[in-house]
Amino acid sequence: MTERKNIAIMGAGLVGSLLSLYLAKHGHKIDLYERRSDLRVSTIDGGRSINLALSDRGWRALKGIGIEEEVRKVAIPMYGRIMHDEQGKLTHQPYGKEGQAIYSVSRGGLNTALMNLSESNSDITYHFNRQAIDVNLRENEVQLRNITTGETETIKPDLLFGADGAYSAVRGAMQKTERFDYQQSYLEYGYKELTIPATADGGWAIEKNALHIWPRGNYMMIALPNPDGSFTCTLFFPYEGEHSFAAIKNEEDLLAFFNRVFPDAVPLMPELAQEYFENPVGALVTVKCFPWSYEGKSLLIGDASHAVVPFYGQGMNAGFEDITVLDQMLENFEGDNWEELFHAFEHRRKPNADAIADLAVLNFEEMRDKVADPRFLLRKKIENKISGQYPEKWIPLYTMVTFTDLPYSYALETGQKQDKIMKKVMKHIQSIEDYDRPEVQQLLEKQLVQKEKLKPYRG
Ligand SMILES: Cc1cc2nc3c(=O)[nH]c(=O)nc-3n(C[C@H](O)[C@H](O)[C@H](O)COP(=O)(O)OP(=O)(O)OC[C@H]3O[C@@H](n4cnc5c(N)ncnc54)[C@H](O)[C@@H]3O)c2cc1C
Ligand SMILES: NC(=O)C1=CN([C@@H]2O[C@H](COP(=O)(O)OP(=O)(O)OC[C@H]3O[C@@H](n4cnc5c(N)ncnc54)[C@H](OP(=O)(O)O)[C@@H]3O)[C@@H](O)[C@H]2O)C=CC1
Ligand SMILES: Nc1ccccc1C(=O)C[C@H](N)C(=O)O
């Protein structure tokens, strides 16, 4: 049994709130410090990431604290992508096998559910309107500013967790320590959230159980369903250039552009102009850093250690998986060597965090461009056939990432090998019927059986 610690978590977002429950389960006392006010009693800023896609890695972590069923009741399954072309014509692409889905959940709703569950635990205390403004890693002291009163206080926990998101203050302090690797890169794209409201009878104006994409080559709009019948749309758009945020200066520009490129969506967006000019443009950043801990006293987790662009719908899921992995390590943890534990954790998670960061960037190109190409959709169908014929050897990349707990690094590596084989296969394919041609079957037999190009994951 390990000694009970006083733990401070910076940031009561999705990861911080869930982490508190897991750490309390292991017998520790937790204080959470959150810069924002309590979202359960205040309205949060509009125009920012309203809903999220939750998938298997996230569900696993929610299940571990018994909240899975409650969240499932309000989660909307999205079984596949629906692409909208410039004439409003629709194409479907399933995410996985029949019944497999990613789930649209409300960010605020999920955070509220986690907060309600953790606040009823006498070992967990929330402190809102407290911003970490200075972190002394050596002394493990954090200076907090009370946003309401302007006063400052200093805390000195036994252990400090930085769950304070992509622009983490705890990570900021680590950046000033010796041999800390840090890399950030911004896309030349930003995002803006818009809305398709519910229909007059409270229903969904477009297919409810899908993630909608308007792929336009260099940019795209997507829409995820909400329980109230609305959709949250996100426009991913270059900052500069011919088609860009900079090029849309007024309502006339906006409507001319949207009517031309998203003609089926515009009639469903009555507040388009108002929302477009009121809602902020968010930046899209990847942050990679290492190490994630300092002298066994502090540890970064979630976006604070690995912010990824949102295109795989995996940022939160990856953060939740961090917690699952930490929980497994704590199950076998004896004694008091937190430095060793944190080292083991960061070494195990870092390759996977790097992999999902790269996969997320690649998925942007797929979503904004490739999904509009009939050859790409044919290739996906052929891949499903291969996976059906060789289920032990071939799990599609999207399935590995979304519907399994295989390491992201294994998924990325295997996906690259699959890509090479698919390129060879597709040279012989003009239609789905070609799959049964002898040259295709021989090629697969050679690559998958004789040469064993794809190795199963062996831990
Ligand atoms: C447009 C968009 C869409 C996304 N869609 C998905 C998706 O579909 N699926 C998915 O899995 N992920 C998605 N993500 C990623 C997901 O939002 C993040 O990975 C997730 O929120 C990370 O959780 P976190 O708790 O680590 O950080 P956050 O959610 O950012 O929480 C950090 C908390 O720390 C607080 N904080 C920050 N600084 C301080 C400070 N100095 N002192 C005290 N508190 C502080 C913040 O107020 C915040 O509450 C998306 C992201 C974006 C931008
Ligand atoms: N990987 C990515 O591309 C992105 C990831 N996210 C993640 O999504 C989650 C929730 O997003 P959301 O609540 O909308 O967060 P926000 O985008 O509202 O950011 C939260 C706060 O971070 C600070 N911030 C924003 N941009 C910067 C910047 N460029 N440099 C320094 N600080 C900045 C701002 O604080 P202040 O007001 O004090 O300046 C802002 O209020 C977070 O996990 C965030 O980590 C969010 C956006 C992009
Ligand atoms: N949640 C998101 C937010 C922004 C951009 C994409 C997503 C996705 O989930 C995409 C989905 N995984 C897809 O591949 O179709």
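We count ligands from 1, going down the list as the structure has it; atoms in each ligand are counted the same way.
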Proximity to ligand 1 by part of Tyr167, non-hydrogen separation under 4.0 Å: neither
Among Gly13, Ala163, Ala53, closest by any non-hydrogen atom to atom 7 (C) of ligand 1: Ala53
Test side-chain contact (heavy atoms from CB on, under 4.5 Å) applied to Trp292 and Met174, Arg171, His306, the passing residue: His306
Test of ring centre spacing under 6.0 Å for Tyr189 and Tyr191: no
Glu366, portion touching ligand 3 at heavy-atom distance under 4.0 Å: neither
Check: Asn51 and Val105 side chains under 4.5 Å, non-hydrogen atoms: no
Distance from atom 11 (C) of ligand 3 to nearest protein heavy atom, with residue and atom: Tyr398 OH, 3.4 Å
For Phe236, the ligand 3 atoms whose distance to one of its heavy atoms is below 4.0 Å: 4 (C)
Subset of ligand 1 atoms that lie under 4.0 Å from at least one heavy atom of Val15: 23 (O), 24 (P), 25 (O), 26 (O)
Ligand 1 contact on Arg35 by region, counting heavy-atom pairs under 4.0 Å: both
Test item, Thr234 contacting ligand 3 (heavy atom, 4.0 angstrom): no
Pro291: side chain to side chain contact (heavy atoms under 4.5 Å, CB included) partners, not counting sequence neighbours: Phe180, Glu346
Contact summary for Ser20 and Tyr126, nearest pair of heavy atoms: OG-OH, 4.3 Å
Ligand 1 atoms in contact with Gly313 (distance to a heavy atom under 4.0 Å): 7 (C), 8 (O), 9 (N), 10 (C), 11 (O)
Region of Ile222 engaging ligand 3 - heavy atom pairs below 4.0 Å: side chain
Nearest option to atom 48 (C) of ligand 1, as decided by whichever heavy atom of Arg130, Arg36, Glu34, Arg107 sits closest: Glu34
Nearest-contact summary for atom 3 (C) of ligand 3 - protein heavy atom, Å: Pro310 O, 3.6 Å
Centroid-centroid under 6.0 Å between His84 and Phe262 rings: no
With Tyr294 via side-chain hydrogen bond (donor to acceptor under 3.5 Å, both in side chains) - residues at least two apart: Arg138
Ring centroid separation Phe290 to His347 under 6.0 Å: yes
Atom indices of ligand 1, in the order listed, that fall short of 4.0 Å to a heavy atom of Tyr33: 43 (C), 44 (N)
Ligand-residue contact atoms, ligand 1 with Ala169, heavy atoms, under 4.0 Å: 41 (N)
Contact (N/O only, under 3.5 Å) between Glu193 and ligand 1: no
Atom indices of ligand 1 within 4.0 angstrom of Gly11 heavy atoms, with elements: 33 (C), 34 (O), 35 (C), 44 (N)
Closest protein heavy atom (residue, atom, distance) for atom 14 (O) of ligand 3: Arg81 NH2, 2.8 Å
Closest protein heavy atom to atom 8 (C) of ligand 3, given as residue, atom name and distance to 0.1 Å: Leu211 CD1, 3.7 Å
Check ion pair Arg349-Glu321 (N to O, under 4.0 angstrom): yes
Proximity flag Gly282 to ligand 1, non-hydrogen atoms under 4.0 Å: no
Validation row, ring centre Tyr219 to ring centre Phe245 under 6.0 Å: no
cation_pi(Lys192, Tyr276) dist<6.0 Å, angle<=45: yes
Gln131 N/O under 3.5 Å from ligand 1 N/O: no
Cationic tip of Arg72 above Trp59 ring, under 6.0 Å, 45° of axis: yes
Residue selection (non-hydrogen contact nearest atom 53 (C) of ligand 1) among Phe311, Phe320, Tyr191: Tyr191
Audit row: Ile356, Asn352, side chain to side chain contact (heavy atoms under 4.5 Å, CB included) steps and yes/no: CA-CA 6 Å; Ile356 193 59; Asn352 294 316; over 6 Å; no
Polar proximity ligand 1 side, Phe236 side, N/O cut 3.5 Å exclusive: no
Any N or O of Asn317 closer than 3.5 Å to N or O of ligand 1: yes
Gly302: numbered ligand 1 atoms lying under 4.0 Å from its heavy atoms: 26 (O)
Atoms in ligand 1 flagged as close to Met316, the criterion being non-hydrogen separation under 4.0 Å: 10 (C), 11 (O), 12 (N), 15 (C), 16 (C), 18 (C), 19 (O)
Quiz item: cation-pi between Arg368 and Phe364, 6.0 Å / 45°: yes
Options Ser17, Ala132, Ala318, Gly162, ranked by nearest heavy atom to atom 42 (N) of ligand 1, top entry: Ala132
Atom NZ of Lys417 with >12 non-hydrogen neighbours under 6.0 angstrom: yes
Atoms of ligand 3 close to Ala53 [distance to a heavy atom under 4.0 angstrom, numbered from 1]: 1 (N), 9 (O)
Per atom 13 (C) of ligand 3, closest listed option by heavy atom (Tyr312, Tyr191, Tyr95, Phe364): Tyr95
For ligand 3, the portion of Asn363 having any non-hydrogen atom under 4.0 Å away: side chain
Close aromatic pair by centroid cut-off 6.0 Å: Phe231 and His212: yes
NZ/Lys156: more than 12 non-hydrogen atoms of other groups inside 6.0 Å: yes
